[in-house]
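Given the structure is predicted, the values throughout are model-derived calculations rather than measurements.
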Amino acid sequence: MDARQVDIAIIGAGTAGLNAVREAEKSGKRWLLIEQGPYGTTCARVGCMPSKLLIAAADAAHEASRMPAFGLRVDGITVDGPAVMQRLRRERDRFAGAVVDSTEKLPRRNRLRGQARFIDATTLEVTPRSERDDPPVRISTTATVVATGSTSRIPGLFDAVRGRVLTSESVFEIGDLPRSLAVIGTGPVGLELGQAFARLGVRVVFFDRGEHPAPFSDPQVLESVHAVLPQELDLNMQTNLLDAAPRGDGVTLRWADADGNERSDDFERVLVAAGRPPNLEPLNLAATGLELDENGQPPWNPETTQCGNLPIFLAGDINAYRPLLHEAGDEGRISGANAARWPNVAAHERRTPLAIVFTDPQMAMVGTRYAELDLDCTAIGTMSFEYQGRARVMAANRGLIRIYGRRSDDVLIGAELFGPRVEHLAHLLAWAIQEQTPVEHLLRMPVYHPTLEEGMRTALRDLARALDAEDRCRSEDMSTSPGM
């Protein structure tokens with residue numbers, strides 16, 4: 001077996017790993033990028049980009065169905081399933097191809113193909129997984145960045161029908177839209193993909209063990225979700241799947257509902273979207289001496305990305321902290337910089353948490369979530385989209401905004417949003433939270449009429465009243481225009 005000596009080993013060529021590479025390059029240290037799968041990030045190949053392409057097609061189809069609300073008549077549309085999926089893959093491949101090209105432009109001496117596993121805290125063994133991989137090699141390294149991401153898993157319940165089960169990775173390879181689809185899981189991935197398929201004419205039924213079909217923790221926002229989503233989606237919450245059996249070309253699912261009644265239905269395909277476990281097992285982290293928890297996770301510091309006191313840094317979905325692309329990018333930069341400066345590890349300030357779900361209505365969580373609040377020290381502002389002017393103009397007046405302020409200094413600290421195009425409002429709030437902006441200062445900012453941003457201002461005014469800061473805001477425009 002060949003042997004190599006490097007300063008920094010980076011395992012995984014996804015978003016986090018490639019950002020760690022950039023930091024390693026800047027440091028001038030000897031670095032090596034190890035990847036056991038295809039190049040191209042999860043986002044570009046099987047995540048955010050292909051899913052948004054599917055959602056874009058679904059939104060276009062859905063807009064036609066909304067025409068009568070505006071006094072317009074249409075004869076209907078025909079969904080060409082193969083054409084939808086062909087465009088998705090064509091654009092997906094373009095996005096992924098750009099990432100692959102940039103990765104393959106890295107010096108060949110700095111790239112190694114194969115599966116990496118720890119022998120000890122500073123030694124890796126890389127073995128080939130296919131004929132295209134490099135020969136076996138043992139790597140001695142000063143510091144290691146682990147950025148191997150996560151992977152969809154299919155539960156054993158579906159062993160008898162695995163050929164008819166899709167994951168958030170394989171779903172984009174189907175040649176045509178299925179006639180019917182069971183979606184297992186009502187988290188962000190399940191809701192996004194399931195709603196998109198439903199709007200493209202697929203009969204979709206959702207199943208989840210949990211009580212709520214969304215990642216929110218604010219009870220009032222969840223109440224709005226429960227009022228709005230079932231108007232369009234067939235949601236079966238608090239269910240227990242009992243069996244999945246082949247039936248013709250499809251699958252028969254059997255489950256117990258929330259009341260314990262046994263039910264069954266037939267579907268052409270099943271989409272499992274019940275989480276993506278981190279790719280920990282192949283790494284053999286136990287060999288490093290780290291104390292692992294019941295899920296195989298080592299102790300980990302989000303400000304340094306370091307594991308315990310060893311020269312090992314976790315970045316991206318592998319750490320199960322905030323499995324989002326922009327967080328993976330940040331953690332890649334932090335881990336790469338700290339691996340390069342080992343043992344002088346430095347803490348880095350993390351950006352304001354921001355998560356968006358591209359359902360309709362959209363969902364967003366910014367800063368401190370409701371479940372994390374000290375309610376005795378927090379004031380809350382509320383705004384319903386039901387009567388918000390621009391939302392009603394768009395016939396999209398569904399949902400609720402809840403924003404949170406700290407009583408001690410009247411500073412905005414968090415928000416949970418459910419409503420039309422809240423991806424944009426969420427960014428404005430995230431910037432304000434990161435800058436620790438007092439509510440009274442935000443109320444001085446310009447807002448155009450009529451816009452959805454006026455609804456955010458309404459929530460801020462409600463928060464200002466709750467903070468007893470109204471006297472500081474009296475000079476503001478207190479218009480009662482229909483955009484409020």
Side-chain angles (χ1 to χ4, degrees), residues 10-26 31-60 80-116 126 128-134 145 147-152 166-177 188-189 192-193 196-197 200 271 273 276 279 315-318 323-333 336 356 358:
I10 300 164
I11 310 173
T15 297
L18 292 176
N19 276 277
V21 163
R22 294 185 183 98
E23 293 299 318
E25 285 182 310
K26 289 191 294 186
W31 58 272
L32 179 67
L33 177 64
I34 306 165
E35 173 57 67
Q36 58 86 22
Y39 288 147
T41 63
T42 294
C43 175
R45 288 190 302 104
V46 295
C48 39
M49 299 314 291
S51 67
K52 302 313 169 286
L53 285 162
L54 185 70
I55 291 168
D59 286 347
D80 184 340
V84 169
M85 299 308 298
Q86 286 168 12
R87 176 184 183 267
L88 183 156
R89 284 190 289 273
R90 183 172 63 250
E91 292 297 313
R92 183 271 315 269
D93 291 347
R94 188 174 68 83
F95 289 125
V99 179
V100 172
D101 289 346
S102 65
T103 307
E104 291 181 339
K105 287 178 182 177
L106 296 172
R108 184 64 186 89
R109 66 180 180 277
N110 294 102
R111 291 184 284 125
L112 190 65
R113 302 302 296 261
Q115 174 67 62
V126 181
R129 294 193 59 181
S130 68
E131 293 181 357
R132 69 178 184 182
D133 288 349
D134 293 296
V145 174
T148 51
S150 60
T151 306
S152 298
L166 303 169
T167 69
S168 58
E169 297 171 354
S170 64
V171 67
F172 304 116
E173 302 304 325
I174 59 176
D176 195 358
L177 303 176
V189 173
E192 285 186 354
L193 295 178
F197 277 113
L200 290 168
L271 171 62
R276 293 174 57 91
N279 295 322
D317 292 5
I318 185 70
L324 301 165
L325 179 136
H326 62 280
E327 299 287 359
D330 286 349
E331 289 169 2
R333 285 188 288 272
I356 297 170
F358 292 87

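- Side-chain contact between Leu325 and Thr42 is absent, with no heavy-atom pair separated by less than 4.5 Å.
- Partners of Asp134 under the side-chain hydrogen bond (donor to acceptor under 3.5 Å, both in side chains) rule, at least two apart in sequence or in another chain, are Arg108.
- Considering only heavy atoms from C-beta on, Leu18 comes within 4.5 Å of Val99 through its side chain.
- Side chains of Leu54 and Val171 form no contact here, defined as non-hydrogen atoms less than 4.5 Å apart.
- Take Arg45 and apply the side chain to side chain contact (heavy atoms under 4.5 Å, CB included) test, not counting sequence neighbours, and it matches Pro38, Ala96.
- Take Leu324 and apply the side chain to side chain contact (heavy atoms under 4.5 Å, CB included) test, not counting sequence neighbours, and it matches His326, Glu327, Ala355.
- Between the CD atom of Glu331 and the CD1 atom of Ile318 there is a distance of 11.0 Å, given to the nearest 0.5 Å.
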* To do: Give the C-alpha distance, both sets of side-chain angles, the deciding distance and a yes or no for side chain to side chain contact (heavy atoms under 4.5 Å, CB included) between Asn110 and Leu33.
  => CA-CA 6 Å; Asn110 294 102; Leu33 177 64; 5.9 Å; no
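- Summarising the geometry, atom CG belonging to Leu106 is positioned 4.5 Å from atom CH2 belonging to Trp31; distances are rounded to the nearest 0.5 Å.
- With hydrogens and angles disregarded, no donor-acceptor distance shorter than 3.5 Å links the side chain of Asp317 to the backbone of Ser150.
- Counting only heavy atoms from C-beta outward, the side chains of Arg276 and Pro323 never approach each other to under 4.5 Å.
- In terms of modelled atom types and a separation under 3.5 Å, the side chain of Thr148 and the main chain of Asn279 share a donor-acceptor contact.
- Considering CD of Glu35 and CZ of Arg113, their distance stands at 6.0 Å, rounded to 0.5 Å.
- Nearest heavy atom pair, residue Gly114 against residue Asp133, reads CA-OD2, 3.7 Å.
- Closest of all the heavy-atom pairs between Ala116 and Val126 is CB-CG2, 4.1 Å.
- The side-chain heavy atoms of Leu193 and Phe172, taken from C-beta on, include a pair separated by under 4.5 Å.
- Ion pair Glu23/Lys26 flagged as a salt bridge, since at least one NZ, NE, NH1 or NH2 atom sits closer than 4.0 Å to an Asp/Glu carboxylate oxygen.
- The side-chain hydrogen bond (donor to acceptor under 3.5 Å, both in side chains) check on Arg333 picks up Asn19, Asp330, with sequence neighbours excluded.
- Closest approach of Ala273 to Val189, counting heavy atoms only: CB-CG1, 4.1 Å.
- With sequence neighbours left out, Asp59 forms a salt bridge (Lys or Arg N to Asp or Glu O under 4.0 Å) with Arg199.
- Closest approach of Gly316 to Ala328, counting heavy atoms only: CA-CB, 3.8 Å.
- With rounding to the nearest 0.5 Å, the separation of CG in Leu32 from CZ in Arg111 is 10.5 Å.
- Partners of Thr167 according to the side chain to side chain contact (heavy atoms under 4.5 Å, CB included) rule, which considers only residues two or more places apart in sequence or in another chain, are Ser152, Ile154, Glu169, Ser170.
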Show me the donor-acceptor pairs within less than 3.5 Å that the side chains of residues 81-88 make with the rest of the protein, sequence neighbours left out.
none

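- Within the structure, every pair that satisfies the salt bridge (charged side-chain N to carboxylate O under 4.0 Å, His left out) test and touches residues 93-106, not counting sequence neighbours, is listed here: Glu91-Arg94.
- Pro188 pairs by the side chain to side chain contact (heavy atoms under 4.5 Å, CB included) definition with Pro215, Val357, not counting sequence neighbours.
- Across every non-hydrogen atom of Gly17 and Ala147, the tightest pair is N-CB, 3.7 Å.
- Formation of a donor-acceptor pair under 3.5 Å by the Arg89 side chain with backbone atoms of Ile174 is found in this model.
- Under the side-chain hydrogen bond (donor to acceptor under 3.5 Å, both in side chains) criterion, Gln115 pairs with no residue, sequence neighbours left out.
- Scanning both residues, Glu192 and Phe358, for their nearest heavy atoms gives OE2-N, 2.7 Å.
- The side-chain hydrogen bond (donor to acceptor under 3.5 Å, both in side chains) test applied to Ser51 returns no partner, not counting sequence neighbours.
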